[in-house]
Amino acid sequence: CYYRNMLFQLEAATAKSHKNVSLPSTTNTISSNNKKKRAIIVGSAIHQQIGTSTNNSIMYSKLVTQFFVDQGYEVTARLDGLPDNDIAWMSHAPIFVAAGGGFSRLASDCAEYFGGIVFAEANGWSGGLDES
C-alpha cells in the first residue's frame with residue numbers, strides 16, 4: 001500500500017536525521033520509539049468534480065485514518081476547511097505526503113519550497129480505493 005511504503009521511507013529518514021543529532025549526556029531524551037506520532041489528514045468532501053460522489057472521498061479518508069491509527073498514530077482530520085486556508089496550512093507542513101491530484105501536487109511543491117520533507121504522490125484514483 002502507498003501509505004505503508006511511505007511510512008517505511010519516513011521512519012528511515014527520521015532515523016537517519018537522529019543519527020546526526022548529538023545531545024548532551026545530561027539531557028533526558030525520549031527514544032524515537034516513544035515519541036508521539038501524529039498524522040493530520042487534510043481534504044474535503046464538499047469540493048468535487050461534476051458527476052462524482054462524495055462517498056469515495058469520505059470512505060478514502062476513513063481508510064487512511066484507520067491505517068494511521070493502526071500504525072500507532074494520533075490522527076486529526078481537517079475535512080471542512082476552505083481550499084485557500086488548506087493550501088496555506090499544508091504549504092508549511094514539516095513533512096508532507098501528497099495524494100493524487102493537482103491540489104495535492106501544488107501543496108507538495110509549496111511544502112518543498114518552504115523546506116518541508118515531501119513524499120511523492122500516489123497514483124490518484126485510477127484504481128479506486130485499491131492502492132496495491
Side-chain angles (χ1 to χ4, degrees):
C1 147
Y2 170 73
Y3 292 106
R4 185 172 312 284
N5 292 334
M6 180 277 313
L7 279 179
F8 287 131
Q9 293 175 26
L10 177 61
E11 289 171 3
T14 302
K16 185 177 180 182
S17 70
H18 285 299
K19 287 181 183 177
N20 297 330
V21 176
S22 61
L23 298 170
S25 59
T26 58
T27 304
N28 292 328
T29 61
I30 300 172
S31 72
S32 62
N33 291 337
N34 293 330
K35 285 187 177 182
K36 184 180 284 188
K37 299 186 293 185
R38 196 170 58 134
I40 302 169
I41 311 297
V42 180
S44 175
I46 297 170
H47 303 96
Q48 64 187 39
Q49 294 179 340
I50 296 173
T52 63
S53 168
T54 60
N55 292 339
N56 275 351
S57 294
I58 293 167
M59 178 60 76
Y60 188 76
S61 68
K62 286 180 181 180
L63 290 171
V64 171
T65 298
Q66 189 60 52
F67 171 79
F68 281 103
V69 166
D70 291 346
Q71 301 302 313
Y73 281 75
E74 176 185 303
V75 179
T76 304
R78 283 178 49 111
L79 302 175
D80 58 355
L82 297 173
D84 290 348
N85 295 342
D86 286 345
I87 197 74
W89 194 78
M90 291 186 296
S91 295
H92 291 88
I95 299 172
F96 184 82
V97 179
F103 192 74
S104 184
R105 192 172 18 259
L106 175 62
S108 175
D109 289 345
C110 292
E112 185 172 40
Y113 176 82
F114 288 115
I117 297 170
V118 174
F119 290 89
E121 67 185 51
N123 292 327
W125 287 96
S126 62
L129 293 175
D130 180 17
E131 292 187 334
S132 51

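FYI, side chains are in, hydrogens and waters are out, and symmetry mates aren't considered; it's all heavy atoms of this structure. Worth saying up front: this structure is predicted, and the values here are computed from it rather than measured.
Ala111 and Ala93 get closest at one heavy-atom pair: CB-O, 4.3 Å. Across every non-hydrogen atom of Ser104 and Ala99, the tightest pair is OG-N, 2.7 Å. Minimum heavy-atom separation, Asp86 to Gly43: OD2-O, 4.4 Å. Closest non-hydrogen pair, Ile87 versus Ser91, comes out as O-OG, 2.5 Å. Pairing each heavy atom of Lys37 with each of Gln71, the nearest pair is NZ-O, 3.1 Å. Shown here for Ile41 and Leu79, the closest heavy-atom pair between the two residues is O-CD2, 4.2 Å.
Under a hydrophobic-cluster definition in which Ile, Leu, Val, Met, Phe, Trp and Tyr are linked whenever side-chain heavy atoms come within less than 4.5 Å, directly or via other members, Trp89 and Val75 are assigned to different clusters. Cluster annotation: Ile40 and Leu106 are assigned to the same hydrophobic cluster (Ile/Leu/Val/Met/Phe/Trp/Tyr, side-chain heavy-atom contacts under 4.5 Å, transitive). Follow the hydrophobic side-chain contacts under 4.5 Å out from Val64 and you reach Val97 in the same cluster. A single hydrophobic cluster is not seen to contain both Phe119 and Met90; linkage of ILVMFWY side chains at heavy-atom distances under 4.5 Å, directly or through other members, places them apart.
Aromatic ring pairs are classed by plane angle as parallel below 30°, tilted from 30° to 60° and perpendicular above 60°; the pair Tyr73 and Phe68 is perpendicular.
Qualifying ring pair (Phe, Tyr, Trp, His ring centres under 6.0 Å) partners for Phe96, counting only residues two or more places apart in sequence or in other chains: none. Asp70 pairs by the side chain to side chain donor-acceptor pair (under 3.5 Å) definition with Gln66, not counting sequence neighbours.
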